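Here's the structure we're looking at; comments come further down.
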Amino acid sequence: MIFLFKIGFLEVSWVDFIDIALVSVLLYQIYKLIRGSIAVNIFLGMLALYLVYLIVRAAQMELLTTILGQFMGVGVLAMIILFQPEIRKFLLVIGRGTEFRENIFKTISNWRHQYHDDFDILQVIEAVKTLKATKTGALIVFSRDTELKFYAQTGDALDAEVNKRLLISIFNKNSPLHDGAVIVHKGRLRAARCVLPVSENDHLPPNFGLRHRAAVGMSESTDTLVLAISEETGRLILARNGKYLRALKLKQVEQKILEYLRNDEPANWEEMTIEEEHESTESSASPAKA
């Protein structure tokens, strides 16, 4: 091993620089993943405690090292429990971005996702148009890969063809199914009145209500596209991977849904064409409220 230089009793090599760089990248990615949630405070506290443990161990403080060492041993299990949603999200992000998944399974994925040809997106767009005009709150989850059985079981199973009249009937304020989300998978409406996880992101706009936070939370926890309509203002957002778009034209909404269902999304999900950006700018000329 080739050493670069020494600092006291420490011998620094190229491997140490690579090691430090990789750890820095890993910590930064973890911070980006949990930024804005309460988990970041827990993570920083655990990191500070671990640094103290390294310092007292280097200083050969045997008693304090033993106490902190025991705590750090249990701390690994505690972190797995406390960070369960974040760990799941982290693994989901890795699974989405790997070259193996992109290249090996792309053909299989495209074959599985051909159901969108039988899915009449205009039925959804027409329903959304009516719901926005009447300021009727709505939550629609589009799932491309999984049936979301865990979330579907929190509501009422339907397994019906998606059409405008059915969606409007479900989200009607007097309907017993309106308070919750509907799940659309493989062109079928699988369930209604489903309970979704609520995002803990502190950076969401303060005027986001529970429905919009649930849309963002669902997109954080699963590989889905979620459409939410505000009951107070009729404003619409699309949520994906913890990010959201608002002030969209119905044509843009249709395009984003089709891109998702066809597994043909741009590298940057928030990316729009020049024409779409122009339309979005015109529609967001006044402050958007959700």
Side-chain angles (χ1 to χ4, degrees), residues 1-102 104 145-146 148-151 153-154 195-204 206 208 210 213-214 216-224 239-243:
M1 184 178 294
I2 301 175
F3 296 102
L4 294 179
F5 54 86
K6 292 185 178 181
I7 303 177
F9 60 89
L10 296 177
E11 296 179 337
V12 182
S13 67
W14 284 108
V15 176
D16 296 318
F17 276 107
I18 297 173
D19 189 20
I20 293 172
L22 291 176
V23 171
S24 300
V25 171
L26 178 62
L27 292 177
Y28 176 68
Q29 292 299 324
I30 293 174
Y31 173 73
K32 282 177 59 180
L33 194 67
I34 64 178
R35 181 178 56 191
S37 67
I38 193 173
V40 69
N41 297 325
I42 302 174
F43 174 74
L44 292 177
M46 294 294 295
L47 184 61
L49 191 61
Y50 182 67
L51 291 176
V52 172
Y53 168 70
L54 293 179
I55 292 172
V56 298
R57 189 178 67 174
Q60 298 183 351
M61 299 180 183
E62 298 296 336
L63 182 58
L64 195 55
T65 299
T66 302
I67 295 174
L68 290 178
Q70 293 294 328
F71 181 81
M72 295 306 299
V74 179
V76 174
L77 295 177
M79 287 184 66
I80 294 176
I81 296 172
L82 291 173
F83 292 101
Q84 186 271 335
E86 284 73 23
I87 292 174
R88 178 180 177 182
K89 182 180 176 183
F90 180 68
L91 295 176
L92 182 63
V93 170
I94 293 177
R96 290 176 189 161
T98 56
E99 201 70 29
F100 181 80
R101 179 181 182 273
E102 290 293 327
I104 303 299
D145 300 321
T146 61
L148 302 174
K149 289 184 178 180
F150 174 79
Y151 297 101
Q153 289 172 356
T154 64
V195 179
L196 306 184
V198 178
S199 176
E200 296 182 0
N201 190 341
D202 295 333
H203 297 288
L204 293 178
F208 266 29
L210 190 61
R213 288 183 173 273
V216 176
M218 185 65 173
S219 71
E220 291 174 341
S221 304
T222 60
D223 186 25
T224 57
R240 177 88 169 109
N241 297 332
K243 300 178 181 179

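Position 1 is the first residue of the sequence; numbering continues from there. Remember, it's a predicted structure, so these values are computed and weren't measured experimentally.
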**Least distance between heavy atoms, Pro197 atom then Ser221 atom** =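 Looks like CG-OG, 3.8 Å.
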
**Asked** Any idea which heavy atoms bring Tyr151 and Val195 closest together, and the distance?
**Response**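 Minimum heavy-atom contact is CD2-O, 3.7 Å.
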
Between side-chain atoms of residues 54-67 and protein atoms elsewhere (two or more places apart, or another chain), which donor-acceptor pairs fall under 3.5 Å?
from  : atom 1 : to    : atom 2 : distance (Å)
Thr65 : OG1    : Val56 : O      : 3.3
Thr65 : OG1    : Met61 : O      : 2.6
Thr66 : OG1    : Glu62 : O      : 2.8

**Asked** For Gly242, does its backbone N or O pair with a side-chain atom of Ser219 as donor and acceptor, under 3.5 Å?
**Response**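 Confirmed, Ser219 side chain pairs with Gly242 backbone.
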
**Request:** Not counting sequence neighbours, which residues clear side-chain contact (heavy atoms from CB on, under 4.5 Å) with Val25? List them please.
**Result:**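 Partners of Val25 under the side-chain contact (heavy atoms from CB on, under 4.5 Å) test: Gln29.
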
**Request:** Check whether any side-chain heavy atom of Thr222 sits under 4.5 Å from a side-chain heavy atom of Leu148, and report yes or no.
**Result:**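 Thr222 reaches Leu148 side chain to side chain.
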
